[in-house]
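Heads up, the thing below is written out as structure tokens.
What you see is a predicted model, and the numbers here were worked out from it, not measured in a lab. Both ligands and their constituent atoms are indexed starting at 1 by order of listing.
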Amino acid sequence: MLSVLFTISTFSLVSGSLATGVPALSTRHAPSPQHDFQLDIQSVCDQIASAMSNASQVFFPSATGYTSDNEHALLSSSETSACSVEPGSTQDLGLILQIVGKSRTPFGVKSGGHIGNRGFSSTRGVQISLARFNTFNVITQAQTVELGPGLTWGDIYERLDPYGVTVIGGRYPGVGVGGLTLGGGYSFKSNEHGLAIDNVVAFELVLPNGTVTTVTADDHDLWFALRGGGNNFGIVTKLTVKSHPQGQVWGGIIIFGSDQLGAVKHAIAQFSSKVTDPNAALEAGFFYSSGEVIPAVTLFYDAPQPPSGIFDAFLRIPNQQQDVHTRSYVDIVKNQATPSTSPVGRTGSGHYCGFPTTNYSLNFLDAMADQVLQWGSQLTPLNEGVAIAAVAEPFGRGVFTHGTPSAYPPDRSRVSFPSILSFSWSNSSLDGIMARAIRESADSLRAAALKDGQDVEHAAVYPNYGLFDTPLGDMYGKNVPRLRALRRAVDPGDVMGLTGGFRF
Ligand SMILES: Cc1cc2nc3c(=O)[nH]c(=O)nc-3n(C[C@H](O)[C@H](O)[C@H](O)COP(=O)(O)OP(=O)(O)OC[C@H]3O[C@@H](n4cnc5c(N)ncnc54)[C@H](O)[C@@H]3O)c2cc1C
Ligand SMILES: *[C@@H]1O[C@H](CO)[C@@H](O)[C@H](O)[C@H]1NC(C)=O
Ligand SMILES: *[C@@H]1O[C@H](CO)[C@@H](O)[C@H](O)[C@H]1NC(C)=O
Ligand SMILES: *[C@@H]1O[C@H](CO)[C@@H](O)[C@H](O)[C@H]1NC(C)=O
Ligand SMILES: *[C@@H]1O[C@H](CO)[C@@H](O)[C@H](O)[C@H]1NC(C)=O
């Protein structure tokens, strides 16, 4: 997703319980007042604390660890947990799952905390932060890297830079290894090497019953399920991923004036339909601003200079601001956002809503910009913190050809691109209105894609961009029955049903 989008985006307070079936606090002990539940959780927290080895630690409100364990990229994705725990070993994490499973205590599992739906990595029960699973091992001989889900992509690229290699992960520095990879993972280098899941060699997994296991391509079902299936099958504590040689790259952000909207749409459509060079990548966003639509792009080429012809159209258009140049891979990623430029910051609400696209035709780009203009005009008068944007991600037509069958995408024979809407606002009383608005806008764009002749009827929504109400079938298609059956087999006690997220 485009940086400019993220500097102005926040998340919403719509209840994760709706989406996930996590028992609501008031219904779990239906007749009891809420303080009984709080007392129960307190005793569960104490039980966890006494079961832990000295590698792990439990935190209560006001402790520093508690604050960081509950913190998300934006405030509206956070909840106030009864306590938080930072397991420091797989054994301790297994014990935690056994304790919360037995006591039926709601819990959250957080890696980088960048999800756009409340309750997906937050809880009012026991918050499990993966911060201490921070393995970082470069295994030069095997051309792999071992990564812990406590790490973020910006730090990983920085630490890999001296080795002259990189791995396939996020395009924004603070995003976590855990959520991005388990949902799929689009990178600047996905046209070359596929999704993040296509580059995993092994997962270390704590199963819902607390047993620690390693999942590789030999484990037919779990291997399939973990690649895109999110937090349904247990908690991943280490990933072994392929490394790729990495030299200097070329690219950066260009922000245009609204008067250049038509020219930029032409350049995007041209890039999307003509460019087949796998080293080239583009993100293109439309942002609402005072009755107009401002286009902005991130250009990326995986070499010190792009061949002529690929990005010339963008470079010819007069711009307001640009920072396109030759630089390190970590530099282009770290430059993708500066939270300090956010008008809403960590205090706001927001939502993302993904919608699949198979062709960024001029007609469809018109529809995207029109949605931004229409909803921006309608919603910005409600609250001064409102920001409305739509982002096109024109990957190559071979983006799904680098991997074997996986939970997501459900059909690798048909390409689709993970387009996304971002609505953010600062007054949480607008949460309901905004959630309905972004859903309506995404539905309009799906209709526009169908009208444009696009093959989107069966194209999957990218789970990591899914609004909380997205039906499983829209993301996982024909894979839903297999994933449901597998979850029943792997988690007969429904332990992972106590945490938030899309649930099979
Ligand atoms: C600023 C920004 C930039 C982004 N850029 C990209 C991008 O370039 N490419 C892309 O594909 N997506 C991108 N995304 C979307 C991103 O993939 C999702 O938001 C993803 O869920 C974030 O992962 P996380 O670990 O930070 O989130 P969290 O909120 O910590 O986790 C998300 C979900 O994954 C589960 N989870 C996390 N770790 C584990 C684990 N180890 N085991 C089991 N379950 C786990 C959590 O329980 C939760 O349900 C971006 C999002 C933002 C906000
Ligand atoms: C943790 O406990 C082990 C075994 O009892 C001990 O060897 C180790 O020094 C302890 N570590 C810390 C950090 O206290
Ligand atoms: C996308 O649409 C444009 C315009 O209709 C068309 O020229 C192009 O061939 C289409 N591309 C693909 C790959 O379908
Ligand atoms: C938020 O919106 C509500 C309802 O429209 C309004 O009453 C309240 O004053 C607003 N709060 C702020 C801080 O603007
Ligand atoms: C835990 O679950 C796994 C996978 O279903 C199973 O193989 C294992 O035997 C279970 N362990 C225990 C102790 O029940």
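For ligand 1, the atoms sitting less than 4.0 Å from at least one non-hydrogen atom of Val109 are 46 (C), 47 (O), numbered in the order shown with element in parentheses. Residue-ligand proximity, Gly176 to ligand 1, at heavy-atom distances under 4.0 Å covers atoms 23 (O), 24 (P), 25 (O), 26 (O). Those atoms of ligand 1 that come under 4.0 Å of a heavy atom in Pro149, given as number and element, are 41 (N). Near Lys110, the atoms of ligand 1 lying under 4.0 angstrom from a non-hydrogen atom of the residue are 30 (O). Every atom of ligand 1 is numbered from 1 in the order shown, and the set under 4.0 Å from a heavy atom of Leu182 is 39 (C), 40 (C), 42 (N), 43 (C), 44 (N), 45 (C). Of all the atoms in ligand 1, the ones that sit under 4.0 Å from a non-hydrogen atom of Gly185 are 11 (O). Taking every non-hydrogen atom of Ile115 and a distance limit under 4.0 Å, the qualifying atoms of ligand 1 come out as 19 (O), 21 (O), 27 (O), 29 (O), 32 (C). Interface of Tyr352 with ligand 1, defined as ligand atoms under 4.0 Å from a residue heavy atom, comprises 53 (C).
A centroid separation of 6.0 Å or more is found between the aromatic rings of Tyr465 and Phe355. Remark: aromatic rings of Phe502 and Tyr476 are distant, center separation not under 6.0 Å.
Nearest non-hydrogen protein atom to atom 3 (C) of ligand 4 is Ser429 OG, 3.4 Å. Here the heavy atom of the protein found nearest to atom 10 (C) of ligand 2 is Asn54 ND2, 2.4 Å. Given atom 1 (C) of ligand 4, the protein heavy atom at minimum distance is Asn427 ND2, 1.4 Å.
Heavy-atom distances between Tyr462 and ligand 1 reach below 4.0 Å in at least one pair. Every heavy atom of Gly501 sits 4.0 Å or more from the atoms of ligand 1. The shell of residues lying under 4.0 angstrom from ligand 1, judged by heavy atoms, includes Gly234.
The option from Gly179, Gly113, Ser422, Gly184 that lies nearest to atom 37 (C) of ligand 1, judged by heavy atoms, is Gly179. If you check each of Leu180, Asn232, Leu93 against atom 20 (C) of ligand 1, the one with the closest non-hydrogen atom is Leu180. When the heavy atoms of Val175, Leu130, Val206 are ranked by distance to atom 5 (N) of ligand 1, first place goes to Val175.
The aromatic rings of Phe188 and Tyr329 stand perpendicular to each other, their planes meeting at an angle above 60°, with 30° marking the opposite boundary. Ring pair His351/Phe468 is tilted by interplanar angle, where 30° to 60° counts as tilted.
Distance alone, capped at 3.5 Å, places no donor-acceptor pair between the Asn117 side chain and the Phe120 backbone.
Under the 4.0 Å distance rule, the nearest protein heavy atom to atom 14 (O) of ligand 4 falls inside the cut-off. Within 4.0 Å of atom 7 (O) of ligand 2, not a single protein heavy atom is present.
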Practice problem: Let me see the working for Asp221 and Arg482 under salt bridge (charged side-chain N to carboxylate O under 4.0 Å, His left out), right down to the final yes or no. | Solution: CA-CA 9 Å; Asp221 282 331; Arg482 178 177 176 189; 2.9 Å; yes
Quiz prompt | Residue pair Asp92, Arg132: steps toward the salt bridge (charged side-chain N to carboxylate O under 4.0 Å, His left out) verdict | solution = CA-CA 12 Å; Asp92 283 353; Arg132 294 191 186 190; over 6 Å; no
